[in-house]
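One structure below.
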Number of protein chains: 2
Amino acid sequence: MAKKVIPEAERRRRRPTRRGTVLSEQLIVRTALRMLREHGSSGLTARRLGAALGADPSTLYRYFAGLDELTRAIGEELMGRALDDWTATGEWRADLRALGLAVHASYLAHPQAAVLTASRVTGRPREIAVDETILGILRGAGFGDADAVGIYHAFIDLALAFAALDAGALAIKDEAREADEDMWTSTYARLPAETHPHIAATAHLLVHRMNLSAYPVVLDTLLTSAEARLAATATATATAPQAV
Amino acid sequence: MAKKVIPEAERRRRRPTRRGTVLSEQLIVRTALRMLREHGSSGLTARRLGAALGADPSTLYRYFAGLDELTRAIGEELMGRALDDWTATGEWRADLRALGLAVHASYLAHPQAAVLTASRVTGRPREIAVDETILGILRGAGFGDADAVGIYHAFIDLALAFAALDAGALAIKDEAREADEDMWTSTYARLPAETHPHIAATAHLLVHRMNLSAYPVVLDTLLTSAEARLAATATATATAPQAV
DNA sequence: CTGTTAAGGTCTACGGCGTTGGCATAAGGG
DNA sequence: CCCTTATGCCAACGCCGTAGACCTTAACAG
């Protein structure tokens, strides 16, 4: 096996595989994304990916130390796409909202991949770029460092957590068209009022609501609360500018 | 193989295993929880679980249709424990807060198990009981059905999403004591100010903050927003009681 | 243009996995 | 006490990740 994985930037010799394809990290990651979509979140295997690329499975280990590292690269790709899809306007609240939704949407565009990656911090460049951007927006808006960090933390974790949760729900629906159907209509909507009065009374509302994501609502409450905090701080500073 | 899995309630003949243990769903689930803690979130295998129980791996299929169903039973167990740890006081906001934290804590008590289960709806009895409880608290507090359902949705998804996210972080720390160490001190805290000014400026705050959960903060913003909505609705109703 | 070197492919193999079907046996109702 | 059948065990299938040895050819020096 490979002594060590050579970073993409330092690759010199690109030998085509037996079947003629020339490999690269990008090609592998994109093929992996396609396979996840086609075969479900547990359908990404070294052998299958190798076959799809026309390469021996073990070749992948020249590019990634293991499937785990490949998984992190996939997450990085999704995070990068979110950032690409986003443009700053200078209005902090609108920008944060758009960025949060972009991250969420980017993951949901590949639910099977998101399931594998959304709850992992990769520490790779494009993920760091997102973090830097968020902190920049907050500090630029006038938040103090402590507030900025607190809001940043809530913001990014909220986006990732909901990305993972919603992607999981989506992936299950995509994969198990049979059997699972829809838990809310099949199970919850049929509970008798005697044993579960509250669910029974609101079943008609639940069935609709639970098929949407709660993310936008929660995101907005977070941003509203941040806005209030900013206003309060500004007033306090204006009143007593000598305070820290 | 078994024609069909027989529900726990209908089991009559409890034949001991070759090594003397008498199986039950509960024993299997609890042993699985222990194995997850000891061997990490990917360390739960039919063979290992069988060995730990002193039974043949295939015996498990008499109790669960597959590892997937066992996983759902584990999630159900965690959700049930959360409900057991919680007691109602009648004050809706405090009750919801306590219940949310109980769910979060119950999952974080078994991070490796939580990783596998937190983003899955099981549709099993004790999970349904939690849902019924939440809706009951909200409707009892005076929220209209539409509001109650909206808040319920945000509340439960928030709890589960953060349980999954925080458990993932915890599980990685438990499992990969080597190699990963702490992404925040190892990677982020060392970024140069030229390329990442905002991260560099706040690194000292980030390192502390990112090792905590953002859940309590976000939960409180959600509850505050709900409280405001309830007050607004009450006023509107008092002013114009004839309104729907 | 040729020779050398090692990057980057392929091949083979190992141990472990989930799951299945067939079989043996003993629990418990009659 | 007998019969039925639930429930356990065994053996086997086709996957999996990945390690190590090996081969081939791209890239560069001369």
Side-chain angles (χ1 to χ4, degrees), chain A residues 1-28 31-32 35-36 39-74 116 175 179, chain B residues 1-28 31-32 35-36 39-74 116:
Chain A
M1 178 213 181
K3 297 266 173 209
K4 207 183 171 185
V5 172
I6 291 175
E8 183 74 3
E10 296 166 21
R11 287 191 180 270
R12 310 239 81 95
R13 315 186 177 184
R14 305 209 96 109
R15 178 134 79 105
T17 80
R18 171 155 294 235
R19 280 222 327 258
T21 26
V22 175
L23 300 179
S24 69
E25 275 194 13
Q26 202 183 67
L27 178 62
I28 296 176
T31 309
M35 299 210 18
L36 280 166
H39 297 96
S41 47
S42 62
L44 178 65
T45 73
R47 287 166 208 270
R48 254 212 282 242
L49 183 51
L53 288 163
D56 189 273
S58 62
T59 308
L60 299 171
Y61 292 83
R62 302 262 184 216
Y63 289 82
F64 301 96
L67 280 201
D68 198 78
E69 196 179 296
L70 170 60
T71 300
R72 263 182 284 129
I74 294 173
L116 297 185
E175 289 167 28
Chain B
M1 183 219 175
K3 298 266 174 204
K4 209 183 168 182
V5 173
I6 290 174
E8 184 74 3
E10 296 166 20
R11 289 191 178 270
R12 309 245 78 99
R13 314 185 178 184
R14 307 210 95 111
R15 179 134 78 107
T17 216
R18 170 155 294 235
R19 280 222 327 257
T21 26
V22 175
L23 299 179
S24 69
E25 275 195 14
Q26 201 183 68
L27 177 62
I28 295 176
T31 310
M35 298 209 19
L36 281 166
H39 296 96
S41 47
S42 62
L44 178 66
T45 73
R47 288 166 208 271
R48 253 212 283 242
L49 183 52
L53 287 163
D56 188 272
S58 63
T59 308
L60 298 171
Y61 291 81
R62 301 268 182 214
Y63 289 82
F64 301 95
L67 247 43
D68 198 80
E69 195 180 296
L70 169 61
T71 300
R72 263 182 284 132
I74 294 173
L116 297 184

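Note: hydrogens, waters and symmetry copies are ignored here, and every other heavy atom, side chains too, is used. Here is how names work: the chains are called A, B, and so on, in the same order as the sequence lines, proteins then strands, and each is numbered from 1. Keep in mind that what you see is a predicted model, and the values were worked out from it rather than measured.
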Any [X] side-chain nitrogen or oxygen under 4.0 Å from OP1 or OP2 of [N]:
X       : N      : result
B:Arg11 : D:dT7  : yes
B:Thr45 : C:dC17 : yes
A:Tyr61 : C:dG9  : no
B:Thr59 : D:dC9  : yes

query: Given side chains that start at C-beta, do those of A:Leu49 and A:Leu67 come closer than 4.5 Å, heavy atoms only?
result: no

- prompt: Any side-chain heavy atom of B:Glu25 within less than 4.5 Å of one from B:Phe64?
  reply: yes

message: Nearest heavy atom decides the nucleotide; on that basis, is B:Ser58 or B:Arg12 closer to the 5' end of DNA chain C?
response: B:Ser58

Closest approach to the side chain of [X], judged atom by atom: which nucleotide of [options] is it?
X       : options                : result
B:Pro57 : D:dG17, C:dT10, C:dT19 : C:dT19
B:Arg13 : C:dT20, D:dA12, D:dT4  : D:dT4
B:Tyr63 : C:dG9, D:dC9, D:dG8    : D:dG8

query: Rounded to the nearest 0.5 Å, how far apart are CZ of B:Arg62 and CG of B:Leu60?
result: 11.5 Å

- prompt: So what does B:Leu60 hit on the nucleic acid, given a heavy-atom distance under 4.0 Å: a base, only sugar-phosphate, or nothing?
  reply: nothing

- request: Only pairs at least two apart or in different chains count here, so list each side chain to side chain donor-acceptor pair (under 3.5 Å) that has a residue in residues 39-55 of chain A.
  value: A:Ser41-A:Glu175

message: Taking side chain to side chain donor-acceptor pair (under 3.5 Å) as the cut-off, I'd like each qualifying pair that reaches into residues 49-59 of chain A, sequence neighbours left out, listed once.
response: A:Asp56-A:Ser58

Under the rule for side chain to side chain contact (heavy atoms under 4.5 Å, CB included), what residues qualify as partners of [X], not counting sequence neighbours?
X       : result
A:Leu36 : A:Leu44, A:Ile74, A:Gln112, A:Ala113, A:Leu116
B:Arg13 : none
B:Ile6  : B:Glu10, B:Arg11

[atom1] of [X] versus [atom2] of [N]: gap in Å, rounded?
X       : N      : atom1 : atom2 : value
A:Leu53 : C:dG9  : CG    : P     : 11 Å
B:Arg62 : D:dT5  : CZ    : C1'   : 10 Å
B:Leu44 : C:dG18 : CG    : C1'   : 12 Å
B:Phe64 : C:dT20 : CZ    : P     : 16 Å
A:Asp56 : C:dA13 : CG    : P     : 14 Å
A:Glu10 : C:dA6  : CD    : P     : 16 Å
B:Ile6  : D:dT5  : CD1   : C1'   : 9 Å
B:Glu8  : D:dA6  : CD    : P     : 15 Å

query: Looking at residues at least two apart in the chain, or sitting in another chain, which of them share a salt bridge (charged side-chain N to carboxylate O under 4.0 Å, His left out) with B:Arg14?
result: B:Glu8

- request: Nearest-nucleotide wise, let me know which of B:Gly54 and A:Arg48 is further upstream toward the 5' end of DNA chain D.
  value: B:Gly54

- line: Numerically ordered, the residues 14-28 of chain B set in heavy-atom contact under 4.0 Å with DNA chain C is B:Arg14, B:Arg15

statement: With sequence neighbours left out, the residues meeting side chain to side chain donor-acceptor pair (under 3.5 Å) with A:Thr17 are A:Thr21

task: Please list residues of residues 67-74 of chain A whose heavy atoms come under 4.0 Å from any atom in DNA chain D, ordered by number; otherwise none.
output: A:Leu67

